[in-house]
2 protein chains.
Amino acid sequence: MKGIRQLANYLDISIGTVSRALNGKADVNEETRRRVLEAATRLGYVANQSGRSLRKGSTGVIGFMMQTGPEITGQGDTFFMSVFDGVQTVLARHKLDLVALLCSSDQDPDAYLQRVVARGFADAVILSATRLHDARFELLARHNIPFITLGRSQTDVGQPWIDLDFEGMAEVAIERLVKSGHQHIGLIWPNGDLNLGHLFVHRSQEVLARHNLSLSPEHIFRATPSETGGYGVARQIMDCETRPTAVVLVNETLVTGLYRGLEEVGLMPGKDIAIIGRQSPQAQFLKPSLTCFSLSLRDLGISLAEGLLSVMPEYKLHYPDAVKRLVWPMDLIEGESS
Amino acid sequence: MKGIRQLANYLDISIGTVSRALNGKADVNEETRRRVLEAATRLGYVANQSGRSLRKGSTGVIGFMMQTGPEITGQGDTFFMSVFDGVQTVLARHKLDLVALLCSSDQDPDAYLQRVVARGFADAVILSATRLHDARFELLARHNIPFITLGRSQTDVGQPWIDLDFEGMAEVAIERLVKSGHQHIGLIWPNGDLNLGHLFVHRSQEVLARHNLSLSPEHIFRATPSETGGYGVARQIMDCETRPTAVVLVNETLVTGLYRGLEEVGLMPGKDIAIIGRQSPQAQFLKPSLTCFSLSLRDLGISLAEGLLSVMPEYKLHYPDAVKRLVWPMDLIEGESS
DNA sequence: CATACTACCGTAAACGTTTACGGAAAATCG
DNA sequence: CGATTTTCCGTAAACGTTTACGGTAGTATG
């Protein structure tokens, strides 16, 4: 005999009343509620998760799916931790818990998610690292699980999303480089099939076209989204038939390796080659300071949580005017690298 | 009527048999088992998490507790991602799932964990960022939850732990610096009450004492474990009455900021000041290459998982000779910074 | 052929909650 | 003072599983 029954016995009242008291239901005497609450905290009683969610049909946990392994999406621990922190502050207000669903690098993400939702592990999920076509969207839609994605996709099932403004980034960066006379601009496109890469490259091409410039295929550098990947790009740059005079990268992690690689081949960022990237804690102290796009990750997390809640039936009333889809703006920070 | 009952109806057999078939129990005809399995995968049936764990008393999930927020514990950017990946590969063999329990920066870690265990959310947990005294240990011991810690603590309830060999690191680094003539050696001690800082500083002092040297209080530099924190240390170094000729840091993230800060005050790592640190993806491409200690994070994760399983009643038989406590060795990689 | 065993399967009870329902006492009203 | 409402609480049924138990065939054994 454990759990609520024990507590009820101890207080000599029925388990029904105890449950009602703890859950803040109306029809329970204030005095008894006080007693119950007091006893619960003193004995350290917390309702069992399984029993509760079995009965209620919901678990009270929100899952943030992410793939583990060193080279994921080019986002590291700090990126997600900052976003998480924002998400948490909103969810905590509704007594919801955030957990990270960790899909290992040797599991199929789609199958993993399938298992998670079928088990009824989480009430709603947040997806990141969205691919150009992403079967996970359809899976969740089919199972009627509320979700929001950090990133867009060609696949669209009407769910809310928030995505960094990679197109705006391309727009500003390329425009700026062209204005200052660059004719041969290179792009670093992280390996994988992430949607953001497509958006970024495509828009860049458009902007170039407006200026009667074109993006040479040899100036699209593909690399694994890691420091090492960036290092490798330097060599690729040297091997070009006509060397680009500027490079834009959509990824945070690549840049430190790139700087080092360039230096080794005798190209000085900001002098011999212009570089524009994304802000990150590591990029913050690069030597010719990086011209980069910045954003508040915590705020991003907050919006993400609000967007998610706005599609959850039990909570949507609290967020009547939450925007469903949001292209998250980034600010350009002037640096010496461009 | 959903779940297993539906599946049983569909197959026209009892739910008991279906459950037995799915769980690989012995007394079920191979032919019916095949039918059940086939139907289950085809209809996408997976046992409901709540129902299952309510009945079984265990959830099949392992929690890795970590605190969110931008400044984690000073681990490198892909530190946890790599460790997770290792943990997963082991857990997957036992059909256990790993989730990250995210404690936000404005929650009390002890209270958070209390809630998690009382709810019966996870069968076992992994703790990181262990403090000098850590109440979480006692909490888990009291509730009889199997756990392992990544990091030691003064608090010891007999649980297994794995910890990086910070003492060995101090030993090798200090010894090496003294041998090459350094008399004034500084230490960077990350803010907070993490156990590793104490171990590191204490052992360093011992080694210095062996050589009749002492650690001047002004040479213990405290800083927030982040790039910015490292940057600030440079100024601290300049403000010293007698400037240290070498600095050892136990932390991965600080070093990039430190390099930049030193450069600004005109100190060249490896020439004007020796630096020894920890390897990380970001530190990998520093300009005077960093002399650092390295380890395989994935292997660390694997050992962590094995250590945990060895104290879980249902699994311990599979890991009879898992070492309970392990000081994880690190290799010194020669760089130009020392 | 009677008996004992085996192989398989159905039944039903549990796991710890929440909540609809009903009922007793107290309070209010006419 | 009877009738009606309100306030509070106990009862019991669900939620979806797993598993101990028992039972019915079929098969082997003597």
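Every chain is numbered from 1 and lettered A, B, ... according to where its sequence line falls, protein lines coming before strand lines.
- Residue pairs satisfying the ring-ring contact (aromatic ring centres under 6.0 Å, His included) criterion with at least one member in residues 12-51 of chain A, sequence neighbours excluded, are absent.
- Judged as a ring-ring contact (aromatic ring centres under 6.0 Å, His included), not a single pair has a partner in residues 98-119 of chain B (not counting sequence neighbours).
- A donor-acceptor contact closer than 3.5 angstrom is absent between the side chains of Thr59(A) and Ser53(A).
- Residues of residues 39-60 of chain A that place a heavy atom closer than 4.0 Å to DNA chain D, in numerical order, are Leu54(A), Arg55(A).
- With sequence neighbours left out, the side chain to side chain contact (heavy atoms under 4.5 Å, CB included) criterion links Lys56(B) to Arg52(B), Ser58(B).
- The ring-ring contact (aromatic ring centres under 6.0 Å, His included) check on His94(B) picks up Tyr315(B), His318(B), Tyr319(B), with sequence neighbours excluded.
- For Leu7(A) and dG16(C), the CG to P distance is 14 Å, given to the nearest whole Å.
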Which pairs of donor and acceptor atoms, one on a side chain in residues 29-37 of chain B, lie under 3.5 Å apart (sequence neighbours left out)?
residue: Asn29(B); atom: OD1; partner: Glu31(B); partner atom: N; Å: 2.6
residue: Glu30(B); atom: OE2; partner: Arg33(B); partner atom: NE; Å: 3.3
residue: Glu31(B); atom: OE1; partner: Arg34(B); partner atom: NE; Å: 3.4
residue: Glu31(B); atom: OE2; partner: Arg34(B); partner atom: NH2; Å: 3.2
residue: Thr32(B); atom: OG1; partner: Asn29(B); partner atom: O; Å: 2.7
residue: Arg33(B); atom: NH1; partner: Ala21(B); partner atom: O; Å: 3.0
residue: Arg33(B); atom: NH2; partner: Lys25(B); partner atom: O; Å: 2.6
residue: Arg35(B); atom: NH2; partner: Leu11(B); partner atom: O; Å: 3.0

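- Partners of Ser105(B) by side chain to side chain contact (heavy atoms under 4.5 Å, CB included), not counting sequence neighbours, listed by chain and number: Asp85(A).
- Annotation: side-chain hydrogen bond (donor to acceptor under 3.5 Å, both in side chains) contacts involving residues 135-148 of chain B, sequence neighbours excluded, comprise Asp134(B)-Arg136(B).
- Terminal axes of the helix from dC1(C)-dG30(D) to dG30(C)-dC1(D) (five pairs each, C1' rotation axis) are separated by 50°, to the nearest 10°.
- If you measure from atom CZ of Arg5(B) to atom P of dT18(D), you get 12 Å, rounded to the nearest angstrom.
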Given protein heavy atoms under 4.0 Å, the one-letter contact record of nucleotides 5-11 of chain C, with B base, S sugar-phosphate only and - none, is simply ---BBBB

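- Sorted by first then second residue, the salt bridge (charged side-chain N to carboxylate O under 4.0 Å, His left out) pairs that include residues 89-104 of chain B, not counting sequence neighbours, are Arg115(A)-Asp97(B), Arg119(A)-Asp97(B).
- The separation between Ile4(B) atom CD1 and dA12(C) atom C1' is 14 Å, rounded to whole Å.
- With sequence neighbours excluded, the residues forming a side chain to side chain contact (heavy atoms under 4.5 Å, CB included) with Ala118(B) are Val46(A), Gln114(B), listed by chain and number.
- Counting to the nearest Å, the C1' atom of dG16(D) and the CG atom of Leu22(B) are 13 Å from each other.
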